[in-house]
Enquirer: 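One structure follows; several queries about it will come next.
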Amino acid sequence: QVQLVESGGGLVQAGGSLRLSCAASGRTFSRYAIGWFRQAPGKEHEFVATITWSGSSTYYADSVKGRFTISRDNAKNTVYLQMNSLKPEDTAVYYCAAVSRYYSDRPPSLYEDNSWGRGTQVTVSS
């Protein structure tokens, strides 16, 4: 299983922007689709966005469509999440994970042995 490290979180005002990074350590991303998930205080992990590694297909949660953009840079073994027009409801710890099954019309499946990392905190003030 590829090792992933999230970064780029911080404090931002409502309406502002932030770009998160998900970088591979120890192995390459080349064969993996990647997903972004988030966890707000007291809540379960919520799907945000996913991207395939072959081609440029993406899928987003309805709550972030039109505001967030997921992208990749294979040369840097990194997946990004550009977050625009941020809302207080976006406040959460954001995690990335390897995707076992990508779907064009619903959230992806993760590997059964998936383990969440440290994540990166995103706080949006009102």
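Atom set for the values below is all heavy atoms of this structure, side chains included, hydrogens, waters and symmetry mates excluded.
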Enquirer: Taking side-chain hydrogen bond (donor to acceptor under 3.5 Å, both in side chains) as the definition, give me every residue that meets it alongside Thr123, ordered by chain and number, with sequence neighbours left out.
Expert: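 For Thr123 the side-chain hydrogen bond (donor to acceptor under 3.5 Å, both in side chains) partners, ignoring immediate neighbours, are Gln121.
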
Enquirer: A side-chain contact here means heavy atoms from C-beta on lying under 4.5 Å apart; do Phe68 and Leu86 qualify?
Expert: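 Contact flag for Phe68/Leu86 side chains = yes.
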
Enquirer: Main chain of Ser63, side chain of Arg67: is a donor-acceptor contact present, judged purely on distance under 3.5 Å?
Expert: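 Yes; at least one donor-acceptor contact below 3.5 Å.
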
Enquirer: Of all heavy-atom pairs between Ile34 and Cys22, which one has the smallest distance, and what is that distance?
Expert: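 Closest approach of Ile34 to Cys22: CG2-SG, 4.3 Å.
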
Enquirer: Can you give me the closest heavy-atom contact between Ala97 and Asn114, atom names plus distance?
Expert: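 Reported closest heavy-atom pair: CB-OD1, 3.6 Å.
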
Enquirer: Can you tell if the side chain of Thr50 reaches within under 4.5 Å of the side chain of Tyr60, non-hydrogen atoms only?
Expert: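 No, too far: nothing below the 4.5 Å cut-off.
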
Enquirer: Quick check: does any side chain N or O of Ser100 sit under 3.5 Å from a backbone N or O of Ser109, one acting as donor and the other as acceptor?
Expert: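 The answer is yes, because a donor-acceptor pair under 3.5 Å joins these two groups.
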
Enquirer: So, the side chain of Tyr59 versus the backbone of Pro108: is there a donor-acceptor pair under 3.5 Å, distance only?
Expert: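 Side chain of Tyr59 to backbone of Pro108, a donor-acceptor pair under 3.5 Å: no, none is there.
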
Enquirer: What residues form a salt bridge (Lys or Arg N to Asp or Glu O under 4.0 Å) with Asp62, not counting sequence neighbours?
Expert: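 Only Lys65 meet the salt bridge (Lys or Arg N to Asp or Glu O under 4.0 Å) criterion with Asp62.
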
Enquirer: How far apart are the closest heavy atoms of Val99 and Gly35, and which atoms are they?
Expert: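 Result for this residue pair: CG2-N, 3.5 Å.
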
Enquirer: Which label fits Trp116 and His45: parallel for a plane angle under 30°, tilted from 30 to 60°, or perpendicular past 60°?
Expert: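 Aromatic pair Trp116/His45 classed parallel.
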
Enquirer: Any donor-acceptor pair under 3.5 Å linking the side chain of Thr52 with the backbone of Ser57?
Expert: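 Here the side-chain-to-backbone pair exists.
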
Enquirer: Can you tell me how far apart OG (Ser115) and CG (Leu4) are? Round to the nearest 0.5 Å.
Expert: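 It comes to 9.5 Å.
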
Enquirer: Give the minimum heavy-atom separation between Leu18 and Gly8, together with the two atoms involved.
Expert: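 For Leu18 and Gly8, the tightest heavy-atom pair comes out as CG-O, 3.5 Å.
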
Enquirer: Report the residue from Ile51, Val64, Leu20 that forms a side-chain contact (heavy atoms from CB on, under 4.5 Å) with Ile70.
Expert: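 Considering Ile51, Val64, Leu20, a side-chain contact (heavy atoms from CB on, under 4.5 Å) with Ile70 is found only for Ile51.
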
Enquirer: Would you say the side-chain atoms of Ser17 pair up with the backbone N or O of Asn84, donor to acceptor, closer than 3.5 Å?
Expert: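 No, Ser17 side chain to Asn84 backbone: no donor-acceptor pair under 3.5 Å.
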
Enquirer: May I ask you to test the Arg72-Tyr80 pair for a side-chain heavy-atom distance under 4.5 Å?
Expert: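 The answer is no, as the side chains (C-beta and beyond) never meet within the 4.5 Å cut-off.
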
Enquirer: Is the backbone of Val124 close enough, under 3.5 Å, to the side chain of Thr91 for a donor and an acceptor to pair up by distance?
Expert: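 Yes.
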
Enquirer: Which residues satisfy the salt bridge (Lys or Arg N to Asp or Glu O under 4.0 Å) test with Arg19, sequence neighbours excluded?
Expert: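 For Arg19, no residue satisfies salt bridge (Lys or Arg N to Asp or Glu O under 4.0 Å) once neighbours in sequence are set aside.
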
Enquirer: Flag the pair Trp53 / Tyr102 as yes when at least one side-chain heavy-atom distance between them is below 4.5 Å, and no otherwise.
Expert: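 Contact flag for Trp53/Tyr102 side chains = no.
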
Enquirer: How close do Glu6 and Tyr95 get, counting heavy atoms only, and between which atoms?
Expert: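 That closest heavy-atom pairing would be OE2-CA, 3.3 Å.
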
